[in-house]
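Have a look at the structure below, then the notes.
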Amino acid sequence: MEGGSGFNSVPPSNSFDKSRVLDVKPLRSLKPVFPNAPSTPPFVCAPPHGPFPSGFTPFYPFSTPQGSQASPDNQQNTTPVQMPMGPTPTPLRAFRSSQAPEFSGAFNGDTEPEVGGNEDGHVDGQKRAARNARGSNSSQKKTRKNQEPGSSRRAAPAPKGPSANFVVGISQIERDDGSRELVNHVLMTFDALRRRLSQIEDAKEQSTGIIKRPDLKASNILMSSGLRTNMKKRIGVVPGVEVGDIFFFRMELCVVGLHAQSMGGIDYMIVRGDTEEEPLAVSIVSSGGYDDDAEDRDVLIYSGQGGNFGKKDKQAADQKLERGNLALERSLRRTNDVRVIRGMKDSVNPTSKVYVYDGLYKIQESWIESKTGCNIFKYKFVRLPGQPGAFSVWKSIQKWKEGISSRVGLILPDLTSGAESTPVSLVNDVDEEKGPAYFTYFSTLKYSKSFNLAQPSFGCNCHNACQPGDHNCSCVTKNGGKFPYTSNGILVSRKPLIYECGPTCPCFPNCKNRVSQTGLKVHLEVFKTTDKGWGLRSWDPIRAGTFICEYAGEVIDKVKGKQGGEEGDNDEYVFDTARVYGSFKWNYEPGLLDEESSSESSEEYKLPSDLIISAKNVGNVSRFMNHSCSPNVFWQPVLYEHNSQSFLHIAFFAIRHIPPMTELTYDYGSAGSDEVGGNSALNKKKKCLCGSSNCRAYFG
DNA sequence: GAACCCTCATCTCG
DNA sequence: CCGAGATGAGGGTT
């Protein structure tokens with residue numbers, strides 16, 4: 001693979017290594033910008049193929065015992081996609097007969113079927129509010145009746161009462177129908193709360209060994225505050241949720257309206273036709289509890305629910321054609337789209353799961369299988385064509401990792417030549433360029449002198465790993481008494497400055513307060529973008545708050561002026577904390593918990609002094625991260641000691657959950673206008689290519 | 001391993 | 001008979 005063109009991969013030497021030479025000019029976001037269309041859902045919901053057969057089919061319950069409804073055995077190896085032996089789709093004439101023109105749109109979200117029952121969630125909201133009140137969270141805003149009795153929400157979409165529709169900034173309409181911004185906001189609030197609750201839990205004495213569920217607590221608070229969106233159930237696309245989006249908790253699916261059941265795998269709604277009501281499936285979660293067949297990328301064999309399979313001390317039984325199973329059956333006949341969420345093991349954190357929204361599917365057939373004498377329903381889901389890859393991307397990555405198929409366009413399997421514990425691949429699948437320009441890989445900062453603090457500084461005295469609740473640990477104290485990371489190493493809050501344990505501290509290297517010093521944890525890839533030169537992305541899913549990498553390079557001494565002489569002027573690889581960075585909010589809102597001082601959770605950086613780093617000649621993966629005006633990564637100053645001297649570092653963390661193969665970006669900020677040389681600062685600005693809806697057009 | 005939470009279905013009461 | 005509220009069942013998750 002590597003013998004080829006361009007450069008030689010020479011064995012790594014531990015000393016100064018100039019061998020990792022990649023000799024092409026760097027390029028970093030310099031092309032003209034074509035702003036993307038606003039973030040509409042990435043695909044249109046087109047009917048999968050051709051016109052459907054019309055007319056009636058005789059009522060076709062597969063509940064009529066297994067007779068002719070073949071088990072897949074006798075058709076297993078035939079082509080899966082076209083015309084199965086399943087029932088003919090019944091057109092949806094029963095609904096909106098007056099104006100349902102074609103079948104196609106009728107059930108895919110264009111026209112909305114009536115929703116029966118569950119007129120709203122307020123009842124539950126109140127119940128929960130009451131429940132919470134007796135618990136410790138008494139501070140939630142009261143859920144009010146935000147809908148007058150008798151006003152159907154469909155009939156009266158406009159906000160009614162003047163102020164009645166706002167709780168924590170989300171209007172009733174927004175709670176019904178979301179948007180990308182809203183979904184992101186809700187998810188970020190959820191996770192910020194969750195992290196904070198974990199932090200509180202971590203800090204408790206071990207004696208209270210009760211396992212708490214911060215995810216449930218967080219969602220509880222959101223739900224009872226009305227901080228959620230897409231509450232209105234719907235078939236098809238959920239506004240603001242995109243194919244490929246990932247989630248780490250079932251509750252996240254709930255609060256954004258992707259899948260309302262907190263546990264159940266099948267979510268459905270009652271749809272009212274002219275004559276009768278029937279349940280139709282809107283979404284399913286396949287998470288491995290049943291033996292679903294998820295080998296194929298576009299096909300999913302899904303098992304019905306119930307029957308006590310896999311549960312201990314419960315008698316297995318036949319599954320019944322009711323609830324979710326019934327809804328799936330009806331959806332098969334109605335051929336409506338069903339959202340599919342695939343859950344799988346999180347490779348980074350094996351005890352938990354990742355859920356990938358894999359877009360819309362249709363149910364193509366169903367049958368009954370027998371397992372240990374009991375009947376199980378099986379449903380064959382087939383993915384609608386034309387949607388962006390989601391689960392399939394995961395499958396590919398899995399193959400790359402197993403070495404079964406190598407990455408297309410792979411130039412180097414590890415451009416760090418072992419300098420990092422996790423390899424970083426170098427890939428170009430868009431053109432012939434063989435790699436970025438020469439630089440030396442180095443995984444941290446090169447300081448020419450120490451970072452002077454007024455007060456002398458020393459590490460802690462812990463002799464094992466520092467404990468979150470330990471007030472004798474000076475490192476914890478320096479962080480305001482709050483451990484900056486959760487037990488699985490996720491950053492809780494942005495802060496003016498984070499104090500980690502350093503080489504001076506006697507605590508073990510596995511101390512949780514050294515997150516930014518432990519090297520890369522996710523498998524990154526430097527890749528050629530189509531219009532921004534080289535960029536950075538990850539093979540692994542990344543949780544919000546995950547440490548990604550630090551900005552490595554040579555610290556520039558301001559006194560000496562511009563290092564590197566003339567070239568300093570157009571050094572594209574400078575990181576400067578003195579730039580102007582737009583403020584943004586990442587932390588939990590203290591009002592949602594019983595916490596007073598919001599000043600304590602300031603997100604403004606406060607540095608002992610400015611830090612300028614150049615990664616032009618020496619650097620790590622960070623130098624490839626491009627700018628975006630709506631980034632998914634932010635930087636955070638981190639301080640730790642070495643030989644009684646403090647050193648400042650810049651650590652990058654994920655703003656939100658980042659699906660695999662999504663480009664990682666952060667906000668480069670802009671040079672202040674007070675820069676020496678007047679308008680030279682302006683000249684240095686570059687056109688932005690981030691394409692986000694709130695793009696500032698220039699950066700740098 | 002235990003302690004959870006959301007929705008739907010059904011029941012009760014006015 | 002209807003709607004509002006209460007209660008129970010169901011389904012896995014972390």
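For clarity, every value in this text was computed on a predicted model and none was experimentally measured. FYI, side chains are in, hydrogens and waters are out, and symmetry mates aren't considered; it's all heavy atoms of this structure. Each chain gets a letter, A, B and so on, in the order the sequences are listed, and its residues count up from 1.
Between A/H657 and A/F248, the gap from one ring centroid to the other is short of 6.0 Å. Taking the six-membered ring wherever Trp is involved, the centroid distance between the rings of A/F547 and A/F653 falls below 6.0 Å.
The residue from A/R333, A/K378, A/K380 that alone fulfils the salt bridge (charged side-chain N to carboxylate O under 4.0 Å, His left out) condition with A/E365 is A/K380.
Within 4.0 Å (heavy atoms only), A/F309 reaches no atom of the nucleic acid at all.
Note that A/R194 lies outside the cation-pi zone of A/F249, set by a 6.0 Å cut-off to the ring centre and a 45° limit from the axis. In this structure, A/R196 fails the cation-pi test against A/W586, since its NZ or CZ atom is not both closer than 6.0 Å to the six-membered ring centre and inside 45 degrees of the ring normal.
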Nucleotide N/O to protein N/O under 3.5 Å, stretch nucleotides 10-12 of chain C:
unit_1, atom_1, unit_2, atom_2, d
C/dG11, N2, A/S262, OG, 3.3
C/dG12, OP1, A/Y290, OH, 3.4
C/dG12, OP2, A/Y290, OH, 2.3

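Distance A/L197 CG to B/dC5 P: 12 Å, rounded to the nearest Å. Rounded to whole angstrom, the span from the CG atom of A/L258 across to the P atom of B/dC6 amounts to 17 Å. One can place CG of A/D346 at 15 Å from P of C/dT13, the figure rounded to the nearest angstrom. The distance from atom CD1 of A/I270 to atom P of B/dT7 is 14 Å, rounded to the nearest whole Å. The distance between atom CG of A/D215 and atom P of B/dC6, rounded to the nearest whole Å, is 11 Å. If you measure from atom CE of A/M269 to atom P of B/dT7, you get 14 Å, rounded to the nearest angstrom. Between the P atom of B/dC6 and the CG atom of A/N230 lies a distance of 17 Å, rounded to the nearest Å. Atom pair A/E277:CD and B/dT10:P shows a separation of 12 Å (rounding to whole Å applied).
Ionic pairing of A/R330 and A/E278 is present here: one or more N-O contacts between side-chain nitrogen and carboxylate oxygen are shorter than 4.0 angstrom. Using a cutoff of 4.0 Å between basic side-chain nitrogens and carboxylate oxygens, A/D176 and A/R234 are not scored as salt-bridged.
Side-chain proximity of A/Y268 to B/dC6, B/dC8, C/dT14: nearest is B/dC8.
Annotation: B/dG1 and C/dG11 have their P atoms spaced 23 Å apart (nearest Å).
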